[in-house]
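One structure is given below, encoded as structure tokens.
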Protein chains: 2
Amino acid sequence: MPNGPNPFAKTRRDHADETAEDYVEAIADIEVASGTCRVKDLSERMQVSHVTVTRILNRLSDAGLVAREPYGPVGLTPRGLEMAAASRTRHETVVSFLERIGVSNATAEHDAEGMEHHASKETLEAMRRHLRQPEDDANLG
Amino acid sequence: MPNGPNPFAKTRRDHADETAEDYVEAIADIEVASGTCRVKDLSERMQVSHVTVTRILNRLSDAGLVAREPYGPVGLTPRGLEMAAASRTRHETVVSFLERIGVSNATAEHDAEGMEHHASKETLEAMRRHLRQPEDDANLG
DNA sequence: AATAATTTGTAGCAATGGCTACATTCTGTA
DNA sequence: TACAGAATGTAGCCATTGCTACAAATTATT
Ligand SMILES: [Mn+2]
Ligand SMILES: [Mn+2]
Ligand SMILES: [Mn+2]
Ligand SMILES: [Mn+2]
């Protein structure tokens, strides 16, 4: 029963994990790009107020994903790093797959940001299988 | 700017529409299957309490999507019918597409229930384009 | 060093969607 | 018709994620 008994229940579970996945991924991204990640960086990236970011970071800190002291930079715990890596991999898979079927990069990035959290292992494997295949260029017509 | 400026903002907008889309789709489904739709039917379908269903139906009624009187059956307004039809079409597209790339029907139904709300027009068109192509049966090995 | 600007934190509000417990209404059956 | 059971409604709780307004801390500038 990897999927749970009900599609709607599964979707709700996916949504419950979504914030953590996106935030740790963003933190890792920003650290790579800017050296350190600040609350401000996240509020700009997510397009929400710094208040929302702070509250979410507190929860992720309680959950053992984020390491942080007041007014300090935002870091990831080992578990946060793990989750960030997995999230980034999954994100890239979904974006690449959408592009492969002919979606523009901008739209792929937009749609993947939501779709990624609902793609099960089986679906991700199917996407990767397709990415491994040579480009079809199926409809040249 | 069909996508809005930010992937996370778009995802939040998608989520804001999600409940309405799934409920009107479910109501239409249940009406076809059972003749009428009751609160009970929805609470079983969605796997939530009847209280949650009632509150959501009140909101959808205020929004002009659902027609309803206390203790009566749950119906759709013309606008609700429209949305239900569009949602069902989109749902079917995503399920069929996932199956086409090799995902089992059960998993396709589960993943599509969440993914569908994040698939833009462009992505849906790409999926339908692929569905129109002959089965590749690409990797027979 | 003093001051200004930026950043972060906190208080408190709203909307949404979960829930249990209890009240009411409806329905079917005795 | 009376009653029992099922369905629906209401009250009120919690968690999450948005927000503005204001307070405190930090950083930059003079
Ligand atoms: Mn995302
Ligand atoms: Mn979603
Ligand atoms: Mn659906
Ligand atoms: Mn859905």
Side-chain angles (χ1 to χ4, degrees), chain A residues 4-27 30 34-63 65-75 113-114 117, chain B residues 4-27 30-31 34-63 65-75 113-114 117-118:
Chain A
N6 181 285
F8 297 101
K10 181 213 176 241
T11 299
R12 287 195 298 271
R13 286 193 302 273
D14 291 341
H15 284 157
D17 301 331
E18 177 162 350
T19 304
E21 291 166 353
D22 282 341
Y23 272 71
V24 297
E25 190 187 347
I27 292 164
I30 292 168
S34 326
T36 53
C37 176
R38 312 279 328 189
V39 169
K40 187 82 183 321
D41 299 314
L42 287 167
S43 89
E44 280 165 4
R45 166 85 58 121
M46 301 306 198
Q47 299 258 272
V48 297
S49 72
H50 77 276
V51 183
T52 298
V53 172
T54 298
R55 189 167 4 74
I56 288 172
L57 289 179
N58 286 337
R59 188 156 40 80
L60 298 185
S61 174
D62 290 347
L65 296 169
V66 160
R68 198 166 138 52
E69 38 193 307
Y71 298 97
V74 181
E113 199 52 74
H117 308 280
Chain B
N6 181 284
F8 297 101
K10 182 213 176 240
T11 299
R12 288 194 297 270
R13 286 193 301 275
D14 291 341
H15 283 157
D17 301 330
E18 176 162 350
T19 304
E21 292 166 353
D22 281 340
Y23 272 73
V24 298
E25 189 187 348
I27 292 165
I30 292 168
E31 276 181 349
S34 326
T36 53
C37 175
R38 312 279 329 188
V39 169
K40 187 81 183 319
D41 299 315
L42 287 167
S43 89
E44 280 166 2
R45 166 86 59 121
M46 302 305 198
Q47 298 259 274
V48 297
S49 73
H50 78 276
V51 182
T52 298
V53 172
T54 297
R55 188 167 5 73
I56 288 172
L57 289 180
N58 285 338
R59 187 157 40 81
L60 298 184
S61 175
D62 290 346
L65 296 169
V66 159
R68 199 165 137 51
E69 37 193 308
Y71 297 98
V74 181
E113 200 53 73
H117 308 280
H118 304 285

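What you are looking at is a predicted structure, and each value in this text was computed from that prediction instead of being measured. Here is how names work: the chains are called A, B, and so on, in the same order as the sequence lines, proteins then strands, and each is numbered from 1.
The side chain of B:Lys40 lies closest to D:dT8 when the candidates are C:dG9, C:dT7, D:dT8. Distance from the side chain of B:Val51 is smallest to C:dT20 among D:dT8, C:dT20, D:dG18. Set against C:dT10, D:dC19, C:dT25, the side chain of A:Thr54 has C:dT10 as its closest nucleotide.
By the 5.5 angstrom centroid cut-off and the 30-degree plane limit, A:His50 is classified as not stacked against the base of C:dT7.
Atom-to-atom, CG of A:Asn58 to P of C:dT10 comes out at 7 Å; the value is rounded to the nearest Å. Rounded to an integer number of Å, the gap from CZ of B:Arg13 to P of C:dA15 is 21 Å. In this structure, A:Tyr71 places its OH atom 7 Å from P of D:dT26, rounding to the nearest Å. The distance between atom CD of A:Glu21 and atom P of D:dT16, rounded to the nearest whole Å, is 15 Å. Going from atom CG of A:Leu57 over to atom P of C:dT10 covers 12 Å, rounded to whole Å. Taking atom CD on A:Glu18 and atom C1' on D:dT16, their separation rounds to 12 Å, with Å as the unit. Distance OH (B:Tyr23) to P (C:dT16): 14 Å, rounded to an integer number of Å. Distance CD1 (A:Ile56) to P (C:dT8): 15 Å, rounded to an integer number of Å.
Close to D:dT16, at under 4.0 Å from its OP1 or OP2, lies no side-chain N or O of A:Thr19. In this model, the phosphate group of D:dT8 is approached by a side-chain N or O of B:Arg38 to a distance below 4.0 Å at OP1 or OP2. Between A:Ser49 and D:dC19 there is a side-chain N or O to OP1 or OP2 distance below 4.0 Å.
Side-chain atoms of A:His117 and B:His118, non-hydrogen and from C-beta on, never get closer than 4.5 Å to each other. Counting only heavy atoms from C-beta outward, the side chains of B:Leu42 and B:Ile56 never approach each other to under 4.5 Å. You'll find the side chain of B:Phe8 reaches within 4.5 Å of the side chain of A:Met46, heavy atoms only.
Between A:Asp14 and A:Lys10 a salt bridge is recorded (basic side-chain N to carboxylate O distance below 4.0 Å).
The base of C:dG18 lies close enough to the side chain of B:Arg55 for a donor and an acceptor atom to sit less than 3.5 Å apart.
Taking all atoms of both residues into account, the shortest heavy-atom contact from B:Arg38 to B:Val74 is C-CG2, 4.1 Å.
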